[in-house]
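Have a look at the structure below before the remarks.
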Amino acid sequence: MTGVGIHDIAIATGHHVLELDDLAERLGVDPAKYHVGIGQDAFSVPAPDEDIVTMGAAAAKELIDRHGVDGIRTVLFATESGVDQSKAAGVYVHGLLGLPKAVRVVELKQACYGGMAAVQLALGIVARAPHERVLVIAADVARYDVDTPAEPTQGAGAAAILVSADPDLIEIEPAAGVYTADVDDFWRPNDRSTALVDGRLSVSAYVNAFVGAWDDLAEQGGPAYDDIARFVHHQPFTKMAIKAHRKLTQHVGAPFDESDLAIGFTYNRQTGNTYTASLWIGLAALLDLDDDLAGERLGLFSYGSGSVGELITGVVRPDYREHRRTGRVRSLLEARVPLTVDAYRELHAGGAATSEDVERPRVTTAPFRFAGVRGGARHYEASA
Ligand code: CAA
């Protein structure tokens with residue numbers, strides 16, 4: 001059988017952007033704390049008629065437009081910011097995209113780790129049935145309370161990943177390093193739309209999970225550190241990846257080169273934290289790079305607070321450059337409409353999922369919009 005892996009990736013984000021310079025000015029913080037200290041420049045903010053469903057559907061639509069629906073029998077939707085306690089967000093996407101009825105759809109949750117879990121399940125399905133393809137969607141709106149240290153590390157975005165046999169972009173290798181520890185570093189009780197977080201603990205929990213996953217990968221017969229050309233990490237804020245990677249290099253006795261990681265940060269510095277989508281948006285940035293990565297091995301690390309970490313490796317396919325859409329994500333980021341701090345905070349106050357009937361104003365220019373709640377149920381539609 002041919003290898004299995006990532007055939008294509010598409011990214012979506014929110015309609016609006018808040019520049020962290022503006023937040024810094026409002027809060028009386030030195031902007032360098034954001035740009036250098038946490039390594040973020042801005043974050044995406046969804047319009048009132050956007051959420052994980054509209055962003056996830058926008059990203060998935062790109063893949064369906066390029067590859068059609070043949071062979072897609074599974075949609076896995078990973079999110080921390082689900083819009084319903086029962087119905088999977090992927091079922092709305094299934095409807096919006098007009099996918100065939102002969103498709104299974106399910107939602108996965110483990111904080112920011114769910115996207116990696118979905119990709120692993122997808123790889124397993126395709127390994128068993130190589131004629132099938134699995135549509136993985138990872139989408140989140142990262143919301144913390146305003147006036148907390150976590151406020152500048154919010155964000156919004158989605159990644160859609162088509163997993164197949166004989167993939168165009170990356171063949172994923174079989175060994176995986178996994179790590180779970182029961183830690184209260186970040187969590188969101190059912191009655192809250194904003195996460196609770198012990199920021200300092202979350203940093204050490206992430207680092208421990210990365211090193212722990214590395215050790216497990218080594219035990220599972222994974223490659224040597226020097227045989228991995230580039231690493232991409234989950235990026236709650238990009239400095240987090242630097243801290244974790246520095247620790248890994250100390251652990252394995254390798255030199256640390258920050259510039260090796262920086263290219264994977266270019267989109268995440270602009271979207272902010274996208275939880276389940278963060279790692280895959282970092283991967284998209286790396287693949288959009290001018291450097292030729294053909295035949296190179298990548299390390300992909302996912303971390304979800306609470307906590308679960310997983311490190312996998314994949315080899316970039318020889319012709320991957322023919323299948324990239326360079327410039328697409330950059331144009332999405334540049335098209336965002338800037339918000340003042342007051343306007344962002346007003347949207348933040350109204351951002352929680354609700355069962356009250358209310359129509360949403362028409363704002364987004366993305367392909368799909370959240371029309372509002374009718375009879376307690378959420379309704380979505382094409383924007384045009
Ligand atoms: N110029 C340059 N750097 C500056 C600076 C300045 N003027 N002022 C401060 N800094 C630096 C600090 O030295 C510090 O750097 P180091 O960490 O390298 O020492 C950095 O800026 C941050 O400063 P603080 O630690 O004082 O920042 P803070 O208390 O305001 O909080 C935070 C930072 C803990 C990350 C907070 O933003 C937070 O809680 N974020 C949410 C939690 C999070 O994202 N955790 C990451 C792992 S959890 C996860 O991965 C799951 C998930 O997605 C949530």
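Start at 1 and go down the list; that is how both ligands and their atoms are numbered.
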*What protein heavy atom sits nearest atom 21 (O) of ligand 1, and how far off is it?*
Gly37 CA, 3.1 Å
*Do Glu62 and Arg325 sit within salt-bridge range, that is, some charged N less than 4.0 Å from a carboxylate O?*
no
*Are any of the protein's heavy atoms under 4.0 angstrom from atom 12 (C) of ligand 1, yes or no?*
no
*asked:* For atom 54 (C) of ligand 1, which of the options Tyr144, Tyr206, Tyr303 provides the nearest non-hydrogen atom?
replied: Tyr144
*Output yes when the distance from some N or O of ligand 1 to some N or O of Pro149 is under 3.5 Å, and no in every other case.*
yes
*Any protein heavy atom sitting closer than 4.0 Å to atom 25 (O) of ligand 1?*
yes
_ligand 1 atoms in contact with His234 (distance to a heavy atom under 4.0 Å)_ = 49 (C), 50 (O), 51 (C), 52 (C), 53 (O)
*Heavy atoms, side chains only, cut-off 4.5 Å: are His234 and Met116 in contact?*
no
_Interfacing atoms of ligand 1 (cut-off 4.0 Å, heavy-atom, Asp30)_ = 7 (N)
_Check this for me: does any side-chain nitrogen of one of Arg66 and Asp168 sit under 4.0 Å from a carboxylate oxygen of the other?_
no
*Identity of the nearest option to atom 44 (O) of ligand 1, non-hydrogen atoms only, from Ser302, Ser278, Pro236, Ala209*: Pro236
*Taking side chain as C-beta onward, heavy atoms only, is Thr365 less than 4.5 Å from Ser383?*
no
*Fit a plane to each ring of Phe186 and Tyr144, take the angle between them on a 0 to 90° scale, and name the class: parallel (under 30°), tilted (30 to 60°) or perpendicular (over 60°).*
perpendicular
*For ligand 1, which part of Asn273 has a heavy atom less than 4.0 Å away: the side chain, the backbone, both, or neither?*
side chain
_atom 40 (N) of ligand 1: the protein heavy-atom neighbour that sits closest, reported with distance to 0.1 Å_ = Thr153 OG1, 3.2 Å
*asked:* Classify the ring geometry of His233 against His245: parallel below 30°, tilted from 30° to 60°, perpendicular beyond 60°.
replied: perpendicular
*asked:* Give me the residue, atom name and distance of the protein heavy atom closest to atom 2 (C) of ligand 1.
replied: Ala32 O, 3.6 Å
*For atom 4 (C) of ligand 1, grab the closest protein heavy atom and report residue, atom and distance to one decimal in Å.*
Lys33 CA, 3.7 Å
_What I want to find out is whether Arg26 reaches Asp22 closely enough, with some N-O distance under 4.0 Å, to be called a salt bridge._
no
*Heavy-atom contacts with Val197 under 4.0 Å: which atoms of ligand 1 show up? List them by number with element.*
42 (C)
_Out of all atoms in ligand 1, which are within 4.0 Å of some heavy atom of Ser305? Include the element for each._
48 (S), 49 (C), 51 (C)
*Salt bridge check: are Arg369 and Asp49 linked by an N-O gap of less than 4.0 Å?*
yes
*Which protein non-hydrogen atom lies closest to atom 22 (C) of ligand 1, naming both residue and atom, and how far is it?*
Ile38 CG2, 4.0 Å
*Please identify which atoms of ligand 1 are closer than 4.0 Å to at least one heavy atom of Gly199.*
34 (C), 39 (O)
*May I ask which of Ala244, Ala241, Ser202, Cys112 has a heavy atom nearer to atom 45 (N) of ligand 1 than the others do?*
Ser202
*Flag Arg200 as yes when one of its N or O atoms lies below 3.5 Å from any N or O atom of ligand 1, and as no otherwise.*
yes
*asked:* Show the atoms of ligand 1 that are less than 4.0 angstrom away from any heavy atom in Ala150.
replied: 37 (O), 38 (C), 39 (O), 40 (N), 41 (C)
_Tell me which one of Glu173, Glu171, Arg297 satisfies side chain to side chain donor-acceptor pair (under 3.5 Å) with Thr313._
Glu173
*Short check: is a protein heavy atom less than 4.0 Å from atom 32 (C) of ligand 1?*
no
*Would Leu279 end up clustered with Leu248 when hydrophobic side chains under 4.5 Å apart are linked, directly or stepwise?*
no
*Please walk me through it: do Tyr267 and Asp288 pass side chain to side chain donor-acceptor pair (under 3.5 Å)?*
CA-CA 10 Å; Tyr267 300 156; Asp288 282 353; 2.6 Å; yes
*asked:* Looking at every non-hydrogen atom in both residues, tell me the closest pair between Ile72 and Ile64 and how far apart they are.
replied: CD1-CD1, 3.6 Å
*asked:* If you count every heavy atom of other residues, nucleotides or ligands that lies below 6.0 Å from Gln220 atom CD, does the total exceed 12?
replied: yes
_Residue selection (non-hydrogen contact nearest atom 17 (O) of ligand 1) among Glu80, Lys239, Lys243_ = Lys243
